[in-house]
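Reading through the structure tokens given below for one structure.
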Amino acid sequence: MDTQRTCVYTVSPTNDFAETLVAGLIARLDGDLFRLPSVTIYVPNRRAQRSLRDAFLRRSAGKPTLLPVMRPIGEVDEDEVTFLGAGTGIDPSAIPPAIASVRRTALLARQIVHWVAHLPHVRDVAPPQAWRLATELARLMDQIDTEGLDYKNLNNIVPDDFAQHWGITTDFLSIIFQNWSLILDEEKAVNPAVRRNKMMALLSELLETTKPAGMIIAAGTTGTLPATRRLLKAIQSLPDGHIILPGFDTHITDDTWNTLDYTHPQAAMKDLLGYLKIDRSFVQAWSQISGPVTEMENQQARLSVLSDALLPAAQTALWQQASVDQDRINRALEGFELLIAPTRREEAEAIALMLREVLETPGKTAALVTPDRVLARYVRMALTRFDIVIDDTGGDRALISIPGRLLSLVADLTAGHFAPVSLLALLKHPLVQMGMARRDWLRLVRKLDRFILRGPRPASGIQGLYDRLQAVRKTDTRVRNGSRYIKGSSIFSAEELQSLSELFTILKPLDGAIRDNAPLGTILECHLAIAETLSRDQDGVSSLWKGEAGQALADALTDLLEHAADMQTGGADGYASLFQEMLSPVIVRPVWGRHPRLFIWGPLEARMQRADRMILAGLNEGTWPSETNPDPWLNREMRVAFGLPPVERRIGQSAHDFVQAACAQEVFLSRSEKVDSSPTVASRWLFRLEALCGPLPSAKRYLHWSNQGYSDLKVTPCKPPEPKPPVTARPTELSVTQVETWLRDPYALYAAKILDLSPLDAHEETASGKHKGVLIHDALEKFLKLDGPTKGQAGYERLLDLGREAFEPVVTQPGVYAFWWPRFERAAKWFIEHEMQRLQRFEPLVLEEFGSIVIADTGFTVKAKADRIDRNLESGALAIIDYKTGTVPSVKQATAGYAPQLPLEALIAQEGGFKAIPKGSEVESLEFWKISGGTPEYEIKNKQFKDIDDAVELAYDRLLTMITTFAREDTAYLSHPKPAEVSYHDYDHLARVKEWQGSGLEDDT
């Protein structure tokens, strides 16, 4: 046998790769651990390096031991090359350093912006989009450099039948790549992949020429990269060189081997063996870890079944023959179960139970293997139910950490032009206290929220907030939980006003930089100054950069300030998105404080390590294997024509990792039928397994157990509230509108008058129909009360001026400007014309004035603010008018007595409750003037009350009934006693109406 060909080995998927590698290495060293430092092992990445190190420590039972030299195969150490090349004239220092990733992306983004600006009929590209495209372009560069392709070949890859934009794209790529070498020369750097290739080429050359002493091993790699294959070729040539392949199938038939495509698990290793010119029959087992015979047989049977299930499409006819061996299939399915969950959330809950169950067995380990990072996060959250913090090597995006959220919230301020909601989100962040005690800071923020930030949105920018603060200080401000008014200047103490002034001063530079469209460096410096100042504790120390997330963000932001400071951001509309785009790749991986026996691994990590229980989750098409995302620069056909490897190669690598993990002793597969409410399709590997083996054993019990934890929670709807306050606390004075609320929904009156609660204004409040009515009332009241022209064009212009004054706080809102104001103009025109005619027959006596009477024998006062009461100049009778901009009460409601406002105003007028109206006056009409300015501009409705005297008597009787009924302490203020007469109310959430309404519980009341 050719000794050169015996240097390639494999570790079966049925064995733990790292453990088997260590065991075989020690056996080849005759157990002499002191020889380990003379061994060099190249592994795929740093995670594999850590796994191998842990395997050596487990082998030594935790005792101190010497370790071999372990290096990631793609990260060649310059010192290593210098040491090996001593005396050979090979100097790695001659290779320029790799250009910083951020610097390269910034330079490419600048080129993209310049290119798009010169394209006809194309809008300018936004900076966030330019950064994203530059990131993809840098990735394409790395792929081209990795494969060692010539950029000049781009000119010949676009067929004539392709869309025109592909030709434009390749023209741009050709220009970029022609100029890129000049740019790199100016930067005195090379692309990262070029430097890696050159360093690996030097290492390969040195290994081939110097033939260093000591064992050199390449373990766990499948040699998909050209530079890696070159290094493996060099190791193959060494006297003591060894290549250890992960999960090479030594039992595959010749027919299958000859028909392998890129989607097959063995495709990459087939290409590698062809490159190394080694026949697959010479690949030997590195070592074999023994175990219970039955378990080993079951795992071998499973490997055989998986190999059959993943046969190339041309070989699937063999399934019929393979499925006959039912004994083999039964042994393969021992310890092999499938969980199908309705949703990803339920899948995560069940997986959490699978992991938790392992801890019942001392020393047993478990690992979740999935490429689905959202599912991994759900599992982590589910495990917190058991107070378990799992070791998730995938980490989290730094931007969703506590300091990352603070930085993001500062960026969001610019996108919202310092809107109240964005500002509050920032000021309530747990790290923010601006040098104050946290409790004092939150107290100040609550005041700021209550008195400054609510209501219509202030003008954009910091100046709008500052102007609102000054306005509040100068005016009376209503206390929103009652009817009291206090002077604005007494709301905030002098220290609090100073703190607010400092806050606005801190934010002002960022506002100015955004408005000036300053470059990224300037804006970012203002951004970081705000975050650091806001996060200072009482000792003046910022907590922003503490911890692993803070350190990772600090490093990333330092790179941005150093390499991308001159980049344009797109101002307020682009900076927040650009900030998210730039920092989204930053990942934080905690290094301590995690559970020692539970893990979450990615598929590549699971290739070199094994847990007692392996859970392979997220087995849906598009997740595992992942979907092949389109390249924005080259489509599939163009990539193949250029010489880049097909994207399907990733599917084969995923299939290989799946087989590796699925050959463990105890394996659970899982998938969800829906993800984010969208139906899913099972992974192709599950389809193939079930086609060969039939239905897989079900692990549905875990789904049942996880749901059982919630099924025991019986939710009993609350009963409708029945508050019965003391008689002394019940109101003895109500307005006519409050009487209407009392009739329709007594609980709402209880909340408003007895509990003294009133709803807060909304943040960035948009003008509602209620606001519209108030504004129109205000304009009409001033028009009729104040001196000035009331007729003709002069009256119309004066009414418009008063309308502008009333609408001024909200006129900048698009809905008001586009819809309300034009309607007010039309309504004003009608009102002037109508008044000219009406004043010939009527005389206004009451305009927005209060009146009240005391109901006899009760001591109860009813009051009203009448919009308008006119006297007929001929009959002397009164017309009571209510302006409406919204819905007018129906005839049915008026007849039933649920619209008592105008009848009670008539009662007050007849009893002399208004100063300008003598007692005993006759009322001839009750009118609703619906002033909408729409189509029609107005409606005068006076038919709701067919008989005025009957309507007044009904309103009086119902009021008297309510007074006497609620004067008894056993009478409860019920919520929605007549649901048909009540729509949504401000206090429905307090009464928890949605919990009991329709449940039948309200019938008990």
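This chain uses plain numbering: 1 for the first residue, then up along the sequence.
- Side-chain contact check for E357 and Y702: at least one donor-acceptor pair (N or O, by modelled atom type) lies under 3.5 Å.
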*Apply salt bridge (Lys or Arg N to Asp or Glu O under 4.0 Å) to E360 and R356, showing your working.*
CA-CA 8 Å; E360 297 299 309; R356 175 61 183 85; 2.8 Å; yes
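- The backbone N or O of R684 sits less than 3.5 Å from a side-chain atom of E621, completing a donor-acceptor pair.
- Judged by distance alone, with hydrogens and angles left aside, the side-chain atoms of R302 form a donor-acceptor pair with the main-chain N or O of A332 at under 3.5 Å.
- Defined by atom type and a distance below 3.5 Å, a donor-acceptor pair is present between the side-chain atoms of T263 and D261.
- Atoms CD and CD, on Q49 and E75 in that order, are 8.0 Å from each other to the nearest 0.5 Å.
- Remark: F418 engages no residue in a ring-ring contact (aromatic ring centres under 6.0 Å, His included) (not counting sequence neighbours).
- Using a 4.0 Å cut-off between charged side-chain N and carboxylate O, R701 and E337 make a salt bridge.
- Evaluation of the salt bridge (Lys or Arg N to Asp or Glu O under 4.0 Å) rule for E147 yields R649 as partners, not counting sequence neighbours.
- Of the possible polar contacts, none joining the D676 side chain to the S678 backbone as a donor-acceptor pair under 3.5 Å is found.
- Using a 4.0 Å cut-off between charged nitrogen and carboxylate oxygen, E347 and R671 do not count as a salt-bridge pair.
- In terms of modelled atom types and a separation under 3.5 Å, the side chain of T414 and the main chain of A411 share a donor-acceptor contact.
- Residues satisfying the side-chain contact (heavy atoms from CB on, under 4.5 Å) criterion with A100, sequence neighbours excluded, are R103, H563.
- Of the possible donor and acceptor atoms, one in the side chain of N620 sits under 3.5 Å from a partner among the backbone N and O of S672.
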*Carefully, step by step, assess T221 and T228 under the rule side-chain hydrogen bond (donor to acceptor under 3.5 Å, both in side chains).*
CA-CA 9 Å; T221 180; T228 303; 5.2 Å; no
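- The distance from atom CD of Q660 to atom CG of N15, rounded to the nearest 0.5 Å, is 10.0 Å.
- To the nearest 0.5 angstrom, E690 atom CD is 6.0 Å from L338 atom CG.
- F579 and H527 have tilted rings, their planes meeting at an angle from 30° to 60° on a 0 to 90° scale.
- Side chain of R610 to backbone of P13: a donor-acceptor contact under 3.5 angstrom is found.
- Between Y262 and P646, some side-chain heavy-atom pair lies under the 4.5 Å cut-off.
- The closest side-chain heavy-atom distance from L619 to W685 is below 4.5 Å.
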*For R139 and E136, run salt bridge (Lys or Arg N to Asp or Glu O under 4.0 Å): C-alpha distance rounded to whole Å, both residues' side-chain angles, the deciding distance at 0.1 Å, then the answer.*
CA-CA 5 Å; R139 185 176 292 113; E136 293 294 335; 2.9 Å; yes
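- In terms of the side chain to side chain donor-acceptor pair (under 3.5 Å) criterion, residue partners of S307 (sequence neighbours excluded) are, by chain and number, D249.
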Review item, side-chain donor-acceptor pairs of residues 397-406, under 3.5 Å, at least two apart:
unit_1	atom_1	unit_2	atom_2	d
S401	OG	A398	O	2.5
S401	OG	G404	N	3.2

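- Atom CG of L696 sits about 6.0 Å away from atom CG of L333, to the nearest 0.5 Å.
- Checked against side chain to side chain donor-acceptor pair (under 3.5 Å), D555 has no partners two or more places apart in sequence or in another chain.
- Using a distance-only test at 3.5 Å, with no hydrogens or angles considered, a donor-acceptor pair links the side chain of Q266 to the main chain of G247.
- Taking D54 as the reference, nothing meets the salt bridge (Lys or Arg N to Asp or Glu O under 4.0 Å) condition, with sequence neighbours excluded.
- Between the side chain of E532 and the backbone N or O of S542, no donor-acceptor pair lies under 3.5 Å.
- Considering CZ of R438 and CD of Q433, their distance stands at 7.0 Å, rounded to 0.5 Å.
- Between atom CG of residue D391 and atom OG1 of residue T393 there is a gap of 6.5 Å, rounded to the nearest 0.5 Å.
- A salt bridge between R377 and D392 is absent, with no side-chain N of the basic residue lying under 4.0 Å from a carboxylate O of the acidic one.
- Side-chain contact, T135 with T105: no donor N or O sits under 3.5 Å from an acceptor N or O.
- Within the structure, the salt bridge (Lys or Arg N to Asp or Glu O under 4.0 Å) test picks out no pair touching residues 582-604 (sequence neighbours left out).
- Partners of W601 by ring-ring contact (aromatic ring centres under 6.0 Å, His included), not counting sequence neighbours, listed by chain and number: F599.
- For the side chain to side chain donor-acceptor pair (under 3.5 Å) test, residues two or more places apart in sequence or in another chain that qualify with Q580 are S408.
- For the pair R344 (side chain) and V675 (backbone), a donor-acceptor distance under 3.5 Å is absent.
- No hydrogens or angles considered: a donor-acceptor pair under 3.5 Å links the side chains of T14 and S12.
- For the pair L413 and I530, the minimum side-chain heavy-atom distance is 4.5 Å or more.
- In this structure, the side chains of H989 and K994 stay at 4.5 Å or more apart for every pair of heavy atoms.
- Shown here is K700, whose NZ atom has no more than 12 heavy atoms of other residues, nucleotides or ligands within 6.0 Å.
- For R53, there are no salt bridge (Lys or Arg N to Asp or Glu O under 4.0 Å) partners at least two apart in sequence or on another chain.
- Not counting sequence neighbours, the partners of D657 by the salt bridge (Lys or Arg N to Asp or Glu O under 4.0 Å) test are R607.
- The minimum heavy-atom distance between L310 and H264, with the atom names listed, is O-CD2, 2.9 Å.
- Nearest heavy atom pair, residue A531 against residue S535, reads O-OG, 2.8 Å.
- Inspection of the Q609 and S51 side chains reveals an N or O donor paired with an N or O acceptor under 3.5 Å.
- Looking at Q143 and T146, their side chains never bring a donor and an acceptor atom within 3.5 Å of each other.
- In the displayed structure, R650 atom CZ is contacted under 6.0 Å by at most 12 heavy atoms of other residues, nucleotides or ligands.
- Although no hydrogens or angles enter the test, the distance criterion places no donor-acceptor pair under 3.5 Å between the side chain of D449 and the main chain of V445.
- With ring centers used as reference points, F668 lies 6.0 Å or more from F336.
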